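On a predicted model such as this, the values are computed, not experimentally measured, just so you know.
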Amino acid sequence: MLSLLLLVFLVELGAHLVNTIGAATINNLLWSVYLALPTQTSQQAADKAKLQKEYLTIRRDLNATSSQDQFAKWAKLRRQHDKLLEDLEKMKSSHEALKAKFDRTVNVLRWLATTGLKFLLPFWYAKQPMFWLPQGWFPYYVEWILSFPRAPLGSVSIASWQTACIGVVMLISDTITAILGLALGAKMAEKQPAKATMEKGPIPKSREARSKKDS
C-alpha cells in the first residue's frame with residue numbers, strides 16, 4: 001500500500017507540474033495519446049485527415065481550372081469542392097465537440113487528483129501522525145506547531161508535512177531551473193565568440209604580411 005507520506009508528496013509534485021507545464025498543454029498531450037489508441041475517435045480523426053487531404057487536392061485542381069475555357073470540368077470540380085467542404089465542416093464540428101468533452105473529463109480528473117486530494121487528505125487524516133519527533137529534542141511550542149491542527153502532541157501532522165513537501169518541491173524546481181539557466185547561458189556564451197569571429201571574416205593577406213614584417 002502506498003505510504004501516506006509518499007502520497008502527500010506525490011500530490012504536491014503533481015500539482016506543481018500541472019501549474020508549471022499548463023493544463024492546456026497536458027490536455028493536448030493526453031488527447032494526442034488518446035488518438036493514437038485504436039478507438040472510434042481515432043478512426044474519426046483519421047477519416048477527417050483523409051477527407052481534408054482530398055479536399056485540398058480538389059481545391060488545388062479547381063484553382064488551376066479556368067471557369068471560362070473549361071467550364072464543364074470546372075463545374076464538376078466545384079460541385080465536388082462544395083460537397084467535400086460541407087462534409088469536412090460537419091466532421092470538424094463533431095471532432096471539436098469530442099475534444100471539448102475530453103478536455104472537460106480530463107479537467108475534472110486532474111482537479112480530483114491534485115486540488116481535490118490537497119483538501120481531502122488533510123481533512124481526512126487530520127488526527128493521524130505522519131511520524132513522531134524524538135522525545136525532548138524540541139521545545140513545547142515547536143511540537144505544538146508541528147502537530148497543528150489536530151495531530152497528537154509530539155508528532156508531525158499531515159498539514160505540517162504538506163507544507164514541508166511544498167517547500168521541497170519548490171526548492172527542487174528552483175534548483176533545476178537555475179541549473180538549466182546556467183547551462184543555456186554557458187552554451188550561448190560559447191556560440192557568440194564563434195559568431196563574432198565568423199562575422200569579422202579572414203584577415204586580408206596584405207595586413208597579415210604587414211603584421212609578420214613588423215614582428
> How close do M130 and W161 get, heavy atom to heavy atom, and via which atoms?
Replying inline: CG-CB, 3.8 Å
>> So which atom in Q162 and which in V8 form the shortest heavy-atom distance, rounded to 0.1 Å?
In response: CA-CG1, 3.9 Å
Would you say that [X] contacts [Y] through its side chain, given a criterion of any heavy-atom pair below 4.5 Å between the two side chains?
X	Y	result
L112	L117	no
F102	N27	no
S173	H16	yes
Q44	L98	yes
L109	T105	yes
I158	W124	no
I26	W31	no

So, taking the atom named [atom1] in [X] and the one named [atom2] in [Y], what distance separates them when rounded to the nearest 0.5 Å?
X	Y	atom1	atom2	answer
Q70	T65	CD	OG1	5.5 Å
I58	R78	CD1	CZ	12.5 Å
S157	Q128	OG	CD	11.5 Å

> Distance-only, no hydrogens or angles: does the S32 side chain make a donor-acceptor pair with backbone N or O of N28 under 3.5 Å?
Replying inline: yes
>> Just by distance, no angles: are the side chains of S160 and T163 close enough, under 3.5 Å, to form a donor-acceptor pair?
In response: no
>> Are I21 and V33 linked, directly or through intermediate hydrophobic residues, by side-chain heavy-atom contacts shorter than 4.5 Å (ILVMFWY only)?
In response: no
>> Holding to side chain to side chain donor-acceptor pair (under 3.5 Å), I want the full list of residues that pass it with N19, two or more places apart in sequence or in another chain.
In response: none
>> Looking only at the aromatic ring of each residue, does the gap between the centers of W144 and F148 stay below 6.0 angstrom?
In response: yes
> Among pairs that include at least one residue of residues 90-108, which meet salt bridge (Lys or Arg N to Asp or Glu O under 4.0 Å), considering only residues two or more places apart or in two chains?
Replying inline: E86-K90, K99-D103
>> With ring pair (Phe, Tyr, Trp, His ring centres under 6.0 Å) as the rule and sequence neighbours excluded, what pairs involving residues 56-86 come up?
In response: Y55-H81
